[in-house]
J.: 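The structure is given below, and queries will be raised subsequently.
Since the structure is predicted, the reported quantities are computational estimates derived from the model, not experimental observations. These values consider heavy atoms only, across backbone and side chains, with no hydrogens, waters or symmetry-generated copies.
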Amino acid sequence: NASRQRSRGTHVLEPLDVALLGSERKLVLPWCVEPLTRVLAQRHPEGIEDGEAVTIAISLHRGLMSLRPERDAGEATGSWWITDTGRPVFAQAGDDANPIGEATRVVWRTLAEAVTGADVRACLLRHAIDDPAVPAALFALAEPTPVNVTTPIPRRVTSASTRRMAVSVDGVEKPGMLAAAVAHAVE
């Protein structure tokens, strides 16, 4: 259907590209480092800076709004993740999938508890996630900044052989890893 074919923006996980490996096609997706709830729980003792909170809250709001038209066909299910670039995305898959409304409310509440700024916290507590006034209210309080995540550094693929379906990682050949490497991430 047409609503599924158009892009939902940068707040819903979508393929970046399609890699062709012989007769197989693999989707290339952004690198989702870990669930957003885990990032917030790990960062809660030190707190989430206001700019990071604005980035997360705006992503939650826009992701929820972009998937809303599909509710007539059933509410989208999935969970919120953070990419290696610090961008929150809603991934419509996984073992921990919940309806987007529920998943988003859980992260929204956790974010309100974890943010360091009293004004941003009050704004999150005062507004519902789907309130059209949310973006303007948050942008008036702080500039959005990428969410600070500690990500493992991916090793560089130095060569690849489609004939042997192998990659050379830092000079060491890893047979059978080409398909997995391309499907997992292309840097």
Side-chain angles (χ1 to χ4, degrees), residues 7-16 28-71 75-156 184-187:
S7 175
R8 294 185 186 104
T10 59
H11 307 291
V12 177
L13 183 64
E14 291 183 328
L16 299 171
V28 179
L29 298 167
W31 184 15
C32 293
V33 178
E34 60 185 321
L36 186 52
T37 52
R38 187 177 309 150
V39 171
L40 294 174
Q42 290 170 349
R43 296 274 311 280
H44 185 50
E46 68 190 51
I48 300 292
E49 297 297 322
D50 287 355
E52 294 173 298
V54 169
T55 296
I56 294 169
I58 296 298
S59 295
L60 296 174
H61 173 79
R62 290 181 178 165
L64 179 65
M65 295 299 96
S66 70
L67 290 174
R68 182 163 270 178
E70 293 185 16
R71 287 191 178 178
E75 189 171 16
T77 60
S79 58
W80 284 95
W81 283 74
I82 194 80
T83 68
D84 61 324
T85 60
R87 183 172 49 93
V89 294
F90 187 75
Q92 297 183 73
D95 297 334
D96 57 346
N98 288 304
I100 188 171
E102 177 185 329
T104 305
R105 279 188 295 279
V106 167
V107 176
W108 190 268
R109 283 191 302 269
T110 306
L111 178 61
E113 294 171 6
V115 66
T116 57
D119 291 340
V120 173
R121 178 180 298 114
C123 183
L124 293 172
L125 294 172
R126 182 174 51 249
H127 292 282
I129 305 159
D130 57 355
D131 183 342
V134 163
L138 287 168
F139 287 140
L141 296 173
E143 288 289 318
T145 59
V147 180
N148 184 14
V149 291
T150 304
T151 59
I153 305 297
R155 292 189 271 170
R156 183 177 276 317
H184 191 278
V186 174
E187 302 282 350

J.: Hey, are the side chains of L40 and L111 touching, using non-hydrogen atoms and a 4.5 Å cut-off?
T.: yes
J.: Less than 3.5 Å apart, which donor and acceptor atoms pair up between the side chains of residues 115-128 and the rest of the protein, not counting sequence neighbours?
T.:
from	atom 1	to	atom 2	distance (Å)
T116	OG1	I48	O	3.3
R121	NE	A112	O	3.1
R121	NH2	V115	O	2.3
H127	ND1	D131	OD2	2.8

J.: Is it true that the side chains of T83 and W81 contain a donor and an acceptor less than 3.5 Å apart?
T.: no
J.: Can you list every side-chain hydrogen bond (donor to acceptor under 3.5 Å, both in side chains) pair that touches residues 37-55, not counting sequence neighbours?
T.: R43-E46, R43-E52
J.: For residues P144 and F139, report the shortest heavy-atom separation together with the two atoms involved.
T.: CG-CE2, 3.7 Å
J.: Between H61 and V134, which heavy-atom pair has the shortest distance, and what is it?
T.: ND1-CB, 4.2 Å
J.: Could you note down all residue pairs passing side-chain hydrogen bond (donor to acceptor under 3.5 Å, both in side chains) where residues 99-108 supplies at least one of them, sequence neighbours left out?
T.: W80-T104
J.: Ignoring hydrogens, what is the shortest heavy-atom contact between C32 and L13? Give both atom names and the distance.
T.: SG-CD1, 3.8 Å
J.: Under 3.5 Å, is there a donor-acceptor pair between the side chain of H11 and the main chain of V89?
T.: no
J.: Using 0.5 Å steps for rounding, measure from the OG atom of S59 to the CG atom of L64.
T.: 12.0 Å
J.: So, using salt bridge (Lys or Arg N to Asp or Glu O under 4.0 Å) as the criterion, who are the partners of R109 when residues are at least two apart?
T.: none
J.: Do V39 and E34 touch side chain to side chain, with heavy atoms closer than 4.5 Å?
T.: yes
J.: I'd like to check the side chain to side chain contact (heavy atoms under 4.5 Å, CB included) partners of P15; sequence neighbours left out, ordered by chain and number.
T.: L27, L29
J.: In this structure, which one of L36, I82, L138 forms a side chain to side chain contact (heavy atoms under 4.5 Å, CB included) with I56?
T.: L36
